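The next block holds one structure in the form of structure tokens; read it before the comments.
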2 protein chains.
Amino acid sequence: MQALRSREPHRVVISRVYPVIDGGRYPVKRVVGESLEVEASIFADGHDRISAVLEWRYQEEPWQQVPMIPLGNDRWRARFDVMATGQFSYRIRGWVDPYRTWRAHVDSFLMAEMKLAGVVWMEGIREVLEMAQKVPSQKLSRSLREWTDRFAEPNEVALALEQLDALMKDVVVIPHAPTEVPDGQPGFPVWVDPLDAQFTTWYEFFPRSAGVVPGIHGTFADVRARLPYVADLGFSVVYLPPIHPIGESFRKGRRNARQAAPHDPGSPWAIGGKAGGHMAIHPALGTFEDFDALVREARDRGLFIALDLAFQCSPDHPWVEEHPEWFRIRADGSIQFAENPPKKYEDIVPFNFESEAWPSLWEALYGVVEFWIAHGVRYFRVDNPHTKSLYFWEWLLQKVKMAHPDVVFLAEAFTRPAVMQHLAKVGFSQSYTYFTWRNSARELRHYVEELVASPEVDYFRPSFWPNTPDILPESLQVGGRAAFIARLALAATLSASYGIYGPLFELMVKTPSPNQKEEYDDSEKYRIAHWDWDRPDSLSPWITRVNQFRREHPALWSNRTIQFHPVDNDQLLVYSKVTPGATDVVLMVVNMDLRYRQSGFLTLPVQDWGLAPDEDFIVSDALSGSSYVWHGSRNYVELDPARLPAHLFHVKRKI
Amino acid sequence: MQALRSREPHRVVISRVYPVIDGGRYPVKRVVGESLEVEASIFADGHDRISAVLEWRYQEEPWQQVPMIPLGNDRWRARFDVMATGQFSYRIRGWVDPYRTWRAHVDSFLMAEMKLAGVVWMEGIREVLEMAQKVPSQKLSRSLREWTDRFAEPNEVALALEQLDALMKDVVVIPHAPTEVPDGQPGFPVWVDPLDAQFTTWYEFFPRSAGVVPGIHGTFADVRARLPYVADLGFSVVYLPPIHPIGESFRKGRRNARQAAPHDPGSPWAIGGKAGGHMAIHPALGTFEDFDALVREARDRGLFIALDLAFQCSPDHPWVEEHPEWFRIRADGSIQFAENPPKKYEDIVPFNFESEAWPSLWEALYGVVEFWIAHGVRYFRVDNPHTKSLYFWEWLLQKVKMAHPDVVFLAEAFTRPAVMQHLAKVGFSQSYTYFTWRNSARELRHYVEELVASPEVDYFRPSFWPNTPDILPESLQVGGRAAFIARLALAATLSASYGIYGPLFELMVKTPSPNQKEEYDDSEKYRIAHWDWDRPDSLSPWITRVNQFRREHPALWSNRTIQFHPVDNDQLLVYSKVTPGATDVVLMVVNMDLRYRQSGFLTLPVQDWGLAPDEDFIVSDALSGSSYVWHGSRNYVELDPARLPAHLFHVKRKI
């Protein structure tokens, strides 16, 4: 009997709510200015009419309501705009609507050309009077009551109903009705990031290689001197590998040699030495004043400085002595170093995230993030997050983002899909991807379609990188200049976030390490390098054009609308992105054959773009600067990699 | 800080559990003797080895454990058999496995041909000793400790590890590890029905038309006299339209006339009169003794009697006077009758499931079900459940099934997919479907593939009906004898549950009502009919063969394994069902063209059936009695509707 008494006699069922991640356990992601479109199956028994509202709120503010619209087949939809960063929630409420049910009943009499019995009118009046009691407007309530007096015996049915409908238009009385929410939560969670958490153009370089004199350790001042270059290329974020003191014990030499030579600087990821750990700066780079000045100047130039969160220590990190309880102690009493036989990383000691002392460890690492946020850092690239507790990240990211909703975390997790997806669910803003190894048109299309499919598209934001200090992919080693331009164009337009590791990318460095075939020869990870950033054959002019194309076209700021289009040549990849309402349309054509000219006819959904099926329109290429007049849905393209392997078209109506 | 302190440092994540209905809110369905195969994504950070178990229990019995097996890409699987009716639960537990992690570490040293450092052995010994403390077997624990003494400095690594692995094989120590369960529940729910809740062969007929003298109201004794006939045809359930007293007010006449003639019997669905309501028997049918005798004799013949739960009243139902609070009162004080303008059903008064008095109404209706269960009824066909509160059904079905897990409810809900699916989720064992209106090979294939797709296949059990008292589909009106046989063969083999409305089906009655084009002319719903059940051209011999084929082939007792096969003729529908392990294989070929001979080559997955790709095998047709020797995957078929429109093949190895 308990169950019966405690349950109200509801009639409306709400199910198959979209978008929802893992039943509401993790938030759906959006960026400021986007809207969230919610769909659900909403129905009741019988033939009565139902109504439904989408209720949403920002943080703890009052709930707001948007009427849901039936799409047919019991699916309903509504949307709301998210105009601030932080936590939103939504829920759905549905109920049997007595007035609409009565009106549908009346209409069915009228359609059947049957006379309306007096009792039908009386029932309508009863419903209207009941509603009148509940409406907050006294004027409206009075009008409704007047209507019931005048039309108790109406002679002109059509007029009476018209007047009533007009009055009832403003009456929304939502009864106590069931809401569909995840168990124990007020609503389905939505996390809203700033736009630049999704639309990010990353440029990575080693500060110590930024000096002007070959062999001399670069400084923050040298990094500042490079900012105009990076800003001119059109990037939005400058990501620096770890800037902390580097350990000396077991320091690696050039080319990852087990023994460092006397002046070898070591790997920046072997964090911590006499000068401090994760909250210290490598003395050769400069001081906190220098760092703060770098952050300020970057902001003045429209750039953000991104730091590397590598939660691991060198054996010389002060924490190793101060907090041995945070590390794994081996059976012989030594501290466990990183090891993946036959590889050994004696210069790195991992944290033990499940040690007895985990609470103090987790808090200390949280302190590291807060420390750098206080120094003006908004972007963090996180080193190998998949080798640290996933529950730790969930806790850390939630804590940081509640306090600083504009902070962005990029996960460097090159691992299995389930783990990469989970990191995105627990709060990483962006993630590295398999793009680096997807080469053919078919592979890229399948991969991107996977990323923009539901539910991934609602929580996983890809960042496409043609190269990183760890990865010189085969595509760049063998394809020449055309390969670099093609991979750049693909990364920058397939994904709203992309990045390059420079200046090796624009200088087309492509010699692989003899042992590690997809790594750079004589990697910067183990030495101070020196580059001729202004070499005449640098790709920098092309990068500038690509990044300008990205900035000018809001269609490229999201991946949600990407569509691949048919073309009668397998070597060509054709895809478009559009803004809502097709106010901005861009079309990309990339020749995946880096040796030979390829051509073909492509088929475009011109009507979705607001063009007539047989209309002339203009496509203007941001790379070559050329424009073409095209006609209708079927058009010819030809790309010669010896000139340029890609078109980045803006699709415009002919005036 | 609260959040940090209250969370344990877990490492394993469990997600994407399958099968789950609406996040665990509704149970997955199985029948006794089936197994439940559970899959989930299970992973941890880093490279440590994990283990996982599927935990399951019957009702409140202790949890049992089955090791889960990794399938690759972080998916894991395990299964358990459900050998009783009622509620099962399952949940998943995963943890980092220190012993397996250490063994993998050792293996990576061996693979790299590196010497095992003493400390590695020490760590293994540490893990083993820790495990030894936890194993319940003293002997095993002692063996493990002895091993650590003997092999502290092992000389023969391979031998030492072999011995250790042998000892550890029986050690399963499951730490306190996270389980994946729905919020607030002990596990994901599974409801297990008896096999005959899924594999049901329904035969419907009107008791009042079962009499031997034309025009004289049939009795339960007449129904008993028909039981040998129904049993010989091979049915398992005899479903009787409502057997209760019929109202006299506004009684409908023949052909749904608004005025009944003096001797018109009225519609059995206008339940309730002077002689009582839902717990009374129509006086002309007999007494409770007669009914009980009918139920007993049916059981003796391997049949069950199914009743019709039509939760509505005639205006003469005793409850209308006794409980006006259970009905909807119109504005003029009258009780609302059923109405769907221009149609009026003045002979029927619906209940108001959301009236103030809903708790007593719901309890009374529950009482009706219990009443008939007490009279030996196990099967209920529920009339229009979609016009009664969906929450009522959820409450009622749960209550009945907890007390009587073998009771079967068939939902007569011809309505929108979301509502039909919801009725299945809340506990209906089976549901009528759109089969009645799916005619072409393509339509049928798509519809069945939809029904056996996830998640529908795990909670929605279709019942295919070629005809009902309400529906004489166009296919039967125009297709002649071949149409009746084809629709019978399709219903009986596409779906584990099917039924016919007889004897009109086997007598091929096909005259439609002039006004209602898919209804029977002069419907039995409004009159006492009389049939020549033993007419020489009756389809009864074919029905007997089809039902015998169903009974003899366990492959047909479920829909889960159905597969459609390619054939180079669009008019042929080819599909198979198999038991697990392919111990039973049946293959159906139906000619959907009811006029012309059709032939074609079909392609069969013979290797999935345990046959060699070029092996001879035998297909023997249960309809024609013919057998053919076929060879390999590609074979020829030809069906002439003038003879038989279908093959129902048993696929057998040639001996």
Side-chain angles (χ1 to χ4, degrees), chain A residues 3-5 7-11 13 15-16 22-23 41 43-47 73-75 96 105 108-109 111-112 114 118-119 121-123 125-126 182-184 330-332 334 339-342 353-355 358-359 362-363 385-392 395 398-399 416-419 422, chain B residues 3-5 7-11 13 15-16 22-23 41 43-47 73-75 96 105 108-109 111-112 114 118-119 121-123 125-126 182-184 330-332 334 339-342 353-355 358-359 362-363 385-392 395 398-399 416-419 422:
Chain A
L4 174 55
R5 297 288 161 199
R7 190 193 284 275
E8 294 210 20
H10 300 320
R11 291 181 55 198
V13 174
S15 70
R16 290 182 54 220
D22 288 10
S41 295
F43 51 86
D45 61 283
H47 307 290
N73 221 357
D74 295 315
R75 291 296 284 175
V96 169
H105 189 58
S108 63
F109 276 96
M111 294 259 291
M114 286 162 72
V119 63
W121 281 110
M122 285 164 66
E123 275 161 351
I125 289 165
R126 182 170 65 178
D183 281 332
R330 306 198 70 181
D332 63 358
S334 65
E339 188 177 29
N340 190 14
F353 284 87
E354 49 176 349
S355 85
W358 63 273
W362 290 22
E363 285 291 346
H386 57 293
T387 61
K388 286 99 194 169
S389 163
L390 302 168
Y391 291 87
F392 163 71
W395 170 82
Q398 205 173 333
K399 205 166 154 79
R416 286 120 45 216
V419 178
H422 191 75
Chain B
L4 174 54
R5 296 290 159 198
R7 190 193 285 278
E8 293 208 21
H10 299 321
R11 289 181 57 198
V13 174
S15 70
R16 291 181 55 221
D22 287 9
S41 294
F43 50 87
D45 61 282
H47 307 290
N73 221 358
D74 296 316
R75 291 296 283 175
V96 169
H105 189 61
S108 63
F109 274 98
M111 295 260 290
M114 286 162 73
V119 64
W121 280 110
M122 284 164 68
E123 276 161 350
I125 289 165
R126 183 170 64 176
D183 280 333
R330 305 198 71 182
D332 63 358
S334 66
E339 188 176 29
N340 191 15
F353 285 86
E354 48 177 350
S355 85
W358 62 272
W362 292 21
E363 285 292 348
H386 58 294
T387 62
K388 285 99 194 170
S389 164
L390 303 167
Y391 291 87
F392 163 71
W395 171 81
Q398 206 173 332
K399 207 167 153 77
R416 287 121 44 217
V419 179
H422 191 75

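Below, chains carry the letters A, B, ... as their sequence lines are ordered, and counting in each starts from 1. This one's a predicted model, so the numbers in the text were calculated from it and none came from an experiment.
Contacts with chain A were tallied for S15(B), G46(B), A331(B), S334(B); A331(B) has the most, counting heavy-atom pairs under 4.5 Å. When each of L390(B), V119(B), T387(B) is scored by its heavy-atom pairs under 4.5 Å with chain A, the top score falls to V119(B). Among R330(B), R16(B), E339(B), the residue making the largest number of heavy-atom pairs under 4.5 Å with chain A is R330(B).
Only the side chain of H47(B) comes within contact range of chain A, with at least one heavy atom under 4.5 Å from a heavy atom of that chain. At a 4.5 Å heavy-atom cutoff, the contact between D332(B) and chain A is made by backbone and side-chain atoms alike.
Contacts of H105(B) classified as ring-ring contact (aromatic ring centres under 6.0 Å, His included), with partners at least two apart in sequence or in another chain: F109(B).
Nearest heavy atoms, F43(A) versus V419(B): CD1-CG2, 3.7 Å. Taking both residues in full, the closest heavy atoms of N73(A) and P417(B) are given as OD1-CD, 3.4 Å, listed atom of the first, atom of the second, then distance.
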**Message:** One pair to check against side chain to side chain contact (heavy atoms under 4.5 Å, CB included): Y391(A) and V13(B). What are the steps and the verdict?
**Reply:** CA-CA 9 Å; Y391(A) 291 87; V13(B) 174; 3.9 Å; yes

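Note that CG of D45(B) is 11.0 Å distant from CZ of F392(A), once rounded to the nearest 0.5 Å.
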